[in-house]
Amino acid sequence: MSFIDQFAEQWQAYRKPGYYDKFDYAWTMTIDLDRCTGCEACVTACQAENNLPIVGEEEIAKGRTMHWIRIERYWEGEYPDIKLRFIPMLCQQCDAAPCETVCPVSATYHNQDGLNAQVYNRCIGTRACAVYCPYEVRYFNYQTHHWDTPLDQQLNPDVTVREKGVMEKCTFCIQRIRLAKDTAKDDGRRRVRDGEVQPACVQTCPTEALVFGDRQDPDSAVAKQLNDPRAYRVLEELNTAPSVVYLKKVEVDAGAR
Amino acid sequence: MANIERRDFLKLVGAGGIGAGAGFMLSESTKHPLEYLVPYAVPPEEFSSGIATWYNSVCSMCSAGCGITVRTREGRAKKIEGNPAHPVSQGAVCALGQAGLQALYNPDRLTGPLVQNAERGSAGFVKTTWDEALGRVGETLSALKAAGQGDRICLLTEGVGGHLAELFERFMAELGADRLLHYEFAHPQTLYAANQRLFGETRLPYYDLQNADYVISFGADYLSTWISPVHHSLGFGRSRHARPDARGYFVQVEPRMSVSGAAADEWLAAAPGTEGLFALAIARHLVEKRYRGADRDAWAAALDRYTPASVAEAVDLPAARIERVAQKFAASKASLAIGGGTACSHTNAVATLVAVNALNYLVGNLGKPGGVVFNPEPAVGRDTQARHATYRAMRELADAARAGKIDVLIVNNTNPLFTLPDAAEFAAALQEIPLIVSLSSFPDETTAMADVILPSHTYLESWGDHSPEPGVGFPVGAVSQPVVSPLYNTRATGDIVLALARQVGLDEALPWPSMEDYLRDSWRTIHAQVSGGTEGFDTFWRDILRAGVWGEDTGRDHASVSVSRNVIASIDVGEPEFAGAEETYPFVLYPYESNALRDGRGANLPWLQELPDAMTSIVYGSWIELNPQTAAQLGVKEGDVLDVESPYGKIAAPVYVYPAIRPDVIAIPIGQGHTEYGRYARNRGVNPIRILAPQMEPETGALAWSATRVKLTRTGRHVELVKTGGESRELGRDIVQIASSTPAQGEARSVALQSTRLRSIPITVEPT
Amino acid sequence: MPDNPRKLQFADVNDDVVRSLTQTGSAYYITLTVAITVTLVCFFFPWFYQLNYGIGAAGMNQPTVWGTYLASFIFWIGLSHSGTLLSCVLHITQSSWRKAMYRSAEAMTLFSLMVAGTMVMVHVGRPWFIHWTLPYPNQMGLWPNFRSPLMFDVMAITTYLTGSSIFIYMGTIPDFAAVRDRTTGWRHHMYVMLSLGWRGTDTEWHRLGWAYTFLAVLIIPLAVSVHSIVSWDFALSLVPALHQTIFAPYFVVGAIYSGTAGIVTVMFVLRKYMNFEHYITDLHFDNLGKLLIVLSLIWTYINALELFTAWYSGTSTEYEALKYKLFGYYAWLYWEMILFCAVAPLLMISKRFRTSFVPMLILSIVINIGMYTERFLIVGTSLSRQYLPDSWGVYVPSSVEISIMVGTLGMFSTLFLIFVKIFPSISIYEIKETMDQPGEAATSTPGTEGGAD
Amino acid sequence: MVSHQAVGLFPAPDAALAAAGKLKGAGFATPSLMSPIPMEGVEEVLGEKKSVIKRFTLMGGIIGGICGFLLAAGTAVVYLHPVGGRPIITIPPFLIITYEMTILFGILFTVLGFFISARLPAIRERVYVPEAAVDKFAVAVEVDDDAHFQKAESILREAGAEEVRAMKEEAA
């Protein structure tokens, strides 16, 4: 093969959008809004698992929350015919993530699991990713946070404690995914079994509204959820191709019942 | 030259400043994080660096008793996860349960025994040794026991179950004392009474939400705070979407929308205290259309006057709406009615709950899937319901103290000074008790009044066992074991009691050296029952510890349940009574348990302080919820501070305009307003319990905590509410999308997941 | 020129310029001291505090993660736009009125860019790793992400800084040579180095002419690209009010607008305090005034377009962002901006206004205040109203931010003050070109030949 | 080697230019002019000047463009990161890098071209009259010996030189 041919082949490869089609997994979460009650157990579970700081009243008053998963609430109607709808909002792990393209130092990129990974060490804190993220799920460390002793003894050793000046966000509990993959490897399996790994929020959800798994596996619980006719993605018109899929809330007209 | 010197000086300053900055940046870029070595020279058993160890235990953050699995690393608890084997929680944990770690590692924990050396209630606590502290308490107890004055001893505990409750019983019995009170603010006294009256049941039933098709909840915030929220949530979720052919329909009747109200399909703002009328109107419909029991005539006679039209005015809902709910309830395959919570905390609470529970009887769901299942006796320990203190019992205790009839008060982890209204005058009563001993882990309000503090372990450091109350329809026992070695010089509650017993000379009656031994001994009995002695106890015990839970799948027979005609005839809800005249006090105060902080117990956990309120997203504070209409009438907007005045006191808090509350009701969350209880809780927000009137449900003596009227006055002050949410309307952006019904599974997909985007990543499935 | 009835000669130009470099009054030192003090107290000390504490020292928050630092960055980049760009355009179109002012205008470009670069350092969370944005080989094998609009910025701004520095330096070489001969001591040595042995031969002049023209031709598209790219930092995002095609021309026009106003300010100061009354005259102010009024109209037009498209789109996202800008928390700033940048410049329709120095100074400052406001509004309001209403918020700058904003003025002034003592702040040889040639009998006044283009 | 030069100083550019023309016509080596401002009409008198700068600029632009694209594409290939679902070699953003690098290299090469063609910075001592940086126009011409100098001087004086100097410089 001549050099030109080799070059052409390489060029083709690097120009192909699907150059990365050999992702090991495609982790996906579905959130059933008809099950979600807004109890926020997921929020605390995430805070415990991922060493999220306690930012304090003053910081929250300034608008600097640090919950990787948060519950958004929207009122609909007026008293007495009023509804409150909850929607958990976390990093959507977009396949076409706007935050990834904007990072000048590639501190955020797509990893081999199809996850939108954030490399704290590489982050220089331009905060551009937070601007580019339409879901507002990237959180910036406005200062180095401290834990009152001995609260720091709870910190999860599998997760970095972030310092001031870096961006952070939901990782789908990548440390658990790593562990599950290691376990699978130790067991001589090629792949992680469905249900073997769950992020902290999914694990704790009292209504089982959150389901997590690999959508490449057609038998996985999450892949089945994706076939639900209620499945949709938030802000789908922005073409960010999120890996978090919501199942529509069901509202039956009370008069019709 | 002076000129030049100044210039030189400025240059130096400039250079120095820039140099300092550069140096700082250099140091930032090259610094190494602080590192600790593995904290053990000689590691304990089961310790392996870098490898997590899981321990099954029981959550004690509330009385539901969910099973938990605690992940530990290097001897430290890292994460609380649900124990999938436990029938109550089945792997799920709520926010409060997750935050149990912060109870363990709370920076404000009491680290060792303390005695008050100065005036009671002051900061004059000094450290002491366990021997000395126990000695002082033991001395008093011995003297009283010797004098046969056991009735001058009172043990006031949080609601505990299992063998710790039994140990308390034994200890008090040995002392000749009968003042053993379990006190929980939100204990469903009235529900027990209603079940007792209607069905003759002494225990709470199990509500099978997961198989229910149509659920009406009268005020019970079952998904967030009521009795066993995690288990109810599991049921709710499964009822909604786990069955292929059915989706549970939920109706919530309450004056202020709770978390459960938001999750429900229909929220009906009945007037406060009229939930029972509503239920009776449905009951009448059931008798008319569905109920075919032998006592139908009695029911028909008793319910005849409760037509939807006749109750509509009092309930303040259109008769047609009540009618429609009744029809649906009667027509659904598996209908279920539950009642409780703030909405059922009026002076007519028992009657209301009788009416609600009658619905279950009339719809015939007793013992059926999606219905009410009665519980057997607890698997471990004993039934403590008789020991649960009502407001009346607490008043009697206070009266006794004032009369000088109490010499020793031992308080275990309960905080009546926070959860009793000021009208109870409990603080003053405490002053009359010569010796107050607190076994709390935290410096709460009641502990601050103690003379001797014998701090107990948190539940993650102690041995214990638990039988969920209410159960899940069959006997369940769970063992809670220490997951970390004790952080401080504290002792498990059981150990403290046993040590006191030794001080008093009860070595023979209570011979166990520790709670662990007591527990093992007690479980030997269960072992004997279960296995008939075929396997060794040690194996059994190890298996129990490993599983964390043990259950026996034996249900109850429901055929025998019947309602006596006397009870049927006496069914009547009655008008709720409110303290305060409507003219002077135009609003009904609706205090409700906060989703995360509950009755205030979660206020010292920073995760929960920082957890946005489920409905308003407010953090770290208290607020008054006003209907927009009410707010407009008063001319106030969000953040304006109002005085809330009842006939029994006054508190001030900022307004939050809450679109889903009745205009004649104002709501304030319970949980904040601590004056003690550590750095995260202290001096934050207000405690609405303080200004409650001492209204009681007459039969049980339970506090009718939503039976107080208040008036609002503007203070002219304004604060910015600290909340995480912004605009609370969707503005037509279709973020939470709505399906009008649930099409069956397998229909055309509305989302093609794998490649909606032109350039999304193609999916290849590799064979496993 | 009543104080100088004698006709200006070539030698006078050299004298005046050398005097401006070597003779320094106490007023200069006082001003410099003030400028340095302001820089230290208002810029560096708060910055060091922020480095130590974290970006939390500023008022940025969750929806609005960008704040005044970035607004200042755009502002200074914008201010840089008139200098070199205008100089290049006027050089190519051979407008001779450029000649008296272009040196200082270019210097403005340079220092604005430097200040803008500092603002980047202030803006990012971990400025000690800012070098990671540069493509240099390293043992970790890491490279920056060239797909990022921020990397476009890095490339464009470094190129622009390089180009502008070279451009101003090339134009000054003959002047360095002229000054070299007249100075002594360390200055002489410095100018010997800087002038590179320039003799003024015909070949040198010829080469310089060519090189200078090529540079000018290259720098014009560069400057346009720089502010387009800065606009893309915003326009390539999905943020409702920022994701707009008009943003690049909007930014470029805004940049030239504020830059031209900045030139007016600098001209005034130079004229007044460096005694360049003979060289910088009302003609310059008149021409700059005309330019400003055109730019103001274009700017207003684009603003109106922005409003129209947002309203016409009919989507909630665009509409709410617009509503917030016009009537929200920062509405007063929006209307201030309209008053300062769209209405006030209409005064310049009057020639009398354009040729009055003090009113022009005031107006130029007012325009730049308005333009700063514009940048602040772009960053500070749009980010606060994005897709998910529940995550809306309000951003209020902290005292640290405001102090640093003021400090940048001090830094710019310091740099400029140092510049006027090192660089001949008006071009000696180009002024001479516009004067009567020796041996000729002409009547034109220096610096006025040619008039406006 | 030392080269001798005759340098005439003129008060006006026209005279200097005329003198230079005469010197060239008289068989002297092409004289060089020194002036405080660029002079017009030099090429008519002394012959057309050709500059290589434009070639440098063009070369710089081309090299810069290629380098720019290679920098962006090459680093993307050696530092393989899937980003935002885009291909590794993403054309539109890389074109912007290409554009900037084209200009950067264009500028740098122009400067290089200027330095080379203008023989700057000067590394050897050359004839210079400081007055030429103020208001005098100087004509310098290489002379072989005294007689030659006399001849040049007379031509210069005739053309109106105020002063004629004999100067030396290092030969190239």
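In what follows, chains carry the letters A, B, and so on, assigned in the order in which the sequence lines appear, proteins first and then strands, with residues in each chain numbered from 1. For the numbers below, each heavy atom of this structure counts, side chains included, while hydrogens, waters and symmetry mates do not.
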* Any luck finding a side-chain donor-acceptor pair between B/Y680 and A/D148 under 3.5 Å? ->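 Yes.
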Spatial distance of atom [atom1] ([X]) from atom [atom2] ([Y]) [nearest 0.5 Å]:
{"X": "A/L151", "Y": "B/Y105", "atom1": "CG", "atom2": "OH", "value": "10.0 Å"}
{"X": "A/Q47", "Y": "B/L611", "atom1": "CD", "atom2": "CG", "value": "8.0 Å"}
{"X": "B/L96", "Y": "A/C39", "atom1": "CG", "atom2": "SG", "value": "11.5 Å"}
{"X": "A/I60", "Y": "B/Q609", "atom1": "CD1", "atom2": "CD", "value": "10.0 Å"}
{"X": "A/E236", "Y": "B/D734", "atom1": "CD", "atom2": "CG", "value": "11.0 Å"}
{"X": "A/T65", "Y": "B/K723", "atom1": "OG1", "atom2": "NZ", "value": "13.5 Å"}

Against chain B, label [X] side chain, backbone, both or neither, depending on which of its atoms sit under 4.5 Å from a heavy atom there.
{"X": "A/V161", "answer": "neither"}
{"X": "A/D32", "answer": "side chain"}
{"X": "A/D81", "answer": "side chain"}
{"X": "A/P88", "answer": "neither"}
{"X": "A/A209", "answer": "neither"}

What residue in [options] has the most heavy-atom pairs under 4.5 Å with chain B?
{"options": "A/L33, A/T149, A/I71, A/V234", "result": "A/T149"}
{"options": "A/A48, A/G38, A/A61", "result": "A/A48"}
{"options": "A/L52, A/V43, A/V55, A/I54", "result": "A/I54"}
{"options": "A/T37, A/L247, A/I87", "result": "A/T37"}
{"options": "A/R85, A/K249, A/Q153", "result": "A/Q153"}
{"options": "A/A41, A/A223, A/P150", "result": "A/P150"}

* Is a side-chain N or O of A/Q154 found less than 3.5 angstrom from the main chain of B/K78, in a donor-acceptor match? ->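 Yes, because the side chain of A/Q154 sits within donor-acceptor range (under 3.5 Å) of the backbone of B/K78.
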For a 4.5 angstrom cut-off between non-hydrogen side-chain atoms, does [X] reach [Y]?
{"X": "B/V736", "Y": "A/K248", "answer": "no"}
{"X": "A/Y79", "Y": "B/Y658", "answer": "no"}
{"X": "A/W75", "Y": "B/P659", "answer": "yes"}
{"X": "A/K83", "Y": "B/M257", "answer": "no"}
{"X": "B/R733", "Y": "A/Y74", "answer": "no"}
{"X": "B/R240", "Y": "A/T207", "answer": "no"}
{"X": "A/E208", "Y": "B/H241", "answer": "no"}
{"X": "A/E72", "Y": "B/S617", "answer": "no"}

[X] with [Y]: basic N within carboxylate O range, under 4.0 Å:
{"X": "B/R238", "Y": "A/D34", "result": "no"}
{"X": "A/D158", "Y": "B/R73", "result": "yes"}
{"X": "B/R729", "Y": "A/E78", "result": "yes"}
{"X": "B/R684", "Y": "A/E57", "result": "yes"}

* Step-by-step side chain to side chain donor-acceptor pair (under 3.5 Å) determination, B/Q98 to A/T204 -> CA-CA 9 Å; B/Q98 290 283 355; A/T204 205; 2.6 Å; yes
* To do: Could you tell me which of B/A660, B/A269, B/A99, B/P612 has the largest number of non-hydrogen atom pairs under 4.5 Å with chain A?
  =>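 Highest number of pairs under 4.5 Å: B/P612.
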* Asked: Which heavy atom of B/K79 sits nearest a heavy atom of A/A200, and at what distance?
  ->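 Smallest heavy-atom distance, with atoms named: CE-CB, 3.9 Å.
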* To do: Any chance you could lay out the side-chain contact (heavy atoms from CB on, under 4.5 Å) test for B/T724 and A/R70, step after step, and finish with the verdict?
  => CA-CA 9 Å; B/T724 59; A/R70 64 170 191 266; over 6 Å; no
